[in-house]
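In what follows, a structure is listed as structure tokens, so that the remarks can point back to it.
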Amino acid sequence: MHIQWYPGHMTKAKRQMQEDIKLIDLVIELVDARIPLSSRNPDIDELGKNKYRLILLNKADLADPGKNKLWRAYFKDQGFFVVEIDARKRTGMKLIQDTIMEACKEKIERDLKRGIKNRPVRAMVVGIPNVGKSTFINTFAGKACTKTGNKPGVTKGKQWIRLNKSVELLDTPGILWPRFDDDAVGTRLAFIGSINDDLVNTEELAMELIEFLMSEYPGALSGRYHIEEGGTPAEMLMAVAEARHFLKSGGEVDYSRSAALVVDEFRSGKLGRITLEVP
């Protein structure tokens with residue numbers, strides 16, 4: 001499936017981050033645990049070099065536990081700190097504070113040697129659409145956060161949220177969008193809903209998803225829809241429609257409704273804990 005998607009404000013967001021990155025110690029990058037590589041923006045590594053880095057595998061509860069472990073090891077090997085979280089249910093959130101302190105240990109020790117005490121770590125959260133960035137910020141900040149106002153030397157209008165005594169968060173980081181030349185990356189982003197569904201042929205998307213599931217997660221479809229797995233993705237889509245009685249007037253099978261169901265139930269985890277790519 002070929003998806004063209006390159007929003008015009010990418011350049012503006014990138015320029016904004018280049019300015020903001022000078023003010024921070026730590027880049028907190030959210031990725032979707034089901035597609036940890038495809039949900040990363042390739043520009044972030046360049047923009048965030050020389051900064052401490054923390055990757056949050058969000059929606060880890062929807063991803064394959066064994067594959068989560070592989071991805072944790074993969075990113076750690078590349079020098080990142082990594083935490084699995086589910087920002088909606090607050091799973092893993094308690095680990096983040098300690099991990100931030102560990103990641104920025106050198107900076108904190110350097111400050112102490114200079115006689116600078118209690119200067120909080122300044123962090124920026126980045127992530128592509130639909131990885132749960134806003135949910136994470138709201139959950140991590142909670143209701144106790146307060147805006148600390150403009151700081152000396154900080155560009156006018158910049159606001160910092162004090163999460164606690166140790167961490168401050170730049171509250172309006174530019175949203176960065178992925179740039180992809182590989183069709184598979186675009187398809188994976190469409191699977192998880194990071195690309196507007198209006199830009200995607202849902203039946204085609206569902207058939208690609210079915211093909212992947214039959215290959216990598218046999219039993220996921222039969223277990224959910226009580227159908228026999230086999231045949232082409234189109235035949236499987238028909239079997240799902242018949243099992244759920246998705247028929248148009250005149251008894252014609254409603255492929256569109258069947259396709260939307262399969263995609264939605266994958267996204268919500270009803271087909272099981274599934275990861276779409278491995279390191």
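- Among residues two or more places apart in sequence or in another chain, the side chain to side chain donor-acceptor pair (under 3.5 Å) test is passed with Y225 by E265.
- Taking the side chain as every heavy atom from C-beta outward, R273 and N68 approach each other to under 4.5 Å.
- Minimum heavy-atom separation, I210 to L221: CG2-CD1, 3.9 Å.
- Within the 4.5 Å cutoff, the side chain of L163 has heavy atoms near those of the L169 side chain.
- Taking the six-membered ring where tryptophan is involved, the planes of F191 and F266 are perpendicular, since the angle between them exceeds 60° and thus also 30°.
- We find the CG-CG distance between L170 and D20 to be 5.0 Å, quoted to the nearest 0.5 Å.
- If you check the side chains of S222 and E228, you find no donor sitting under 3.5 Å from an acceptor.
- Counting heavy atoms from C-beta on, the side chains of R53 and I44 come closer than 4.5 Å.
- At a threshold of 4.5 Å between side-chain heavy atoms, the hydrophobic network of Ile, Leu, Val, Met, Phe, Trp and Tyr places V262 and L62 in two separate groups.
- Ion pairing of R40 with D45 is present here, as a side-chain N (NZ or NE/NH1/NH2) and a carboxylate O approach within less than 4.0 Å.
- Pairing each heavy atom of V131 with each of S39, the nearest pair is CG1-CB, 4.2 Å.
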side-chain contact (heavy atoms from CB on, under 4.5 Å) for L189 and V185? Distances and angles first, verdict last. CA-CA 6 Å; L189 288 164; V185 172; 4.0 Å; yes

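- Scanning all heavy atoms of the two residues, the minimum distance from A87 to M93 falls at CA-SD, 4.3 Å.
- Going from atom CZ of F212 over to atom CG of L276 covers 5.0 Å, rounded to the nearest 0.5 Å.
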Is there a side-chain contact (heavy atoms from CB on, under 4.5 Å) between I128 and S194 once you walk through the steps? CA-CA 8 Å; I128 68 165; S194 280; 4.1 Å; yes

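- Hydrophobic clustering of Ile, Leu, Val, Met, Phe, Trp and Tyr side chains at less than 4.5 Å, counting indirect connections, keeps V83 apart from L70.
- P120 has its side chain out of reach of K165: every pair of non-hydrogen atoms, C-beta onward, lies at least 4.5 Å apart.
- The shortest heavy-atom contact between G132 and L30 is O-CD2, 3.5 Å.
- Rounding to the nearest 0.5 Å places CD of Q18 at 8.5 Å from CG of D43.
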Check against side-chain contact (heavy atoms from CB on, under 4.5 Å), F136 and I28: CA-CA 11 Å; F136 163 71; I28 300 174; 4.3 Å; yes

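- Scanning all heavy atoms of the two residues, the minimum distance from T232 to E235 falls at N-OE1, 2.8 Å.
- A 4.5 Å side-chain heavy-atom check between Y217 and T275 finds at least one atom pair inside the cut-off.
- Looking only at side-chain heavy atoms (C-beta outward), K117 and L112 come within less than 4.5 Å of each other.
- Crowding of E211 atom CD: a count of heavy atoms from other residues, nucleotides or ligands under 6.0 Å not exceeding 12.
- A distance of 11.0 Å separates CD1 of I85 from OG1 of T99, quoted to the nearest 0.5 Å.
- To the nearest 0.5 angstrom, I195 atom CD1 is 9.0 Å from L205 atom CG.
- E84 places no side-chain N or O within donor-acceptor distance of the main-chain N or O of G92, the cut-off being under 3.5 Å.
- Considering only heavy atoms from C-beta on, K107 stays 4.5 Å or farther from R122 through its side chain.
- The closest side-chain heavy-atom distance from L247 to V253 is below 4.5 Å.
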Checking M101 against V167 for the side-chain contact (heavy atoms from CB on, under 4.5 Å) test, could you report, in this order, the C-alpha distance in whole Å, the side-chain angles of both residues, the deciding distance, and whether it holds? CA-CA 9 Å; M101 294 298 103; V167 182; 3.9 Å; yes

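- In this structure, L213 is not a member of the same hydrophobic cluster as V278, with clusters built from ILVMFWY side-chain heavy atoms closer than 4.5 Å.
- If you chain together ILVMFWY residues whose side-chain heavy atoms come under 4.5 Å of each other, L37 ends up grouped with V31, I55, L57, W71, Y74, F75, F80, V82.
- Between K133 and V126, the closest heavy-atom pair is CD-C, 3.6 Å.
- Once rounded to the nearest 0.5 Å, the distance linking CZ of R88 with CG of D61 reads 5.5 Å.
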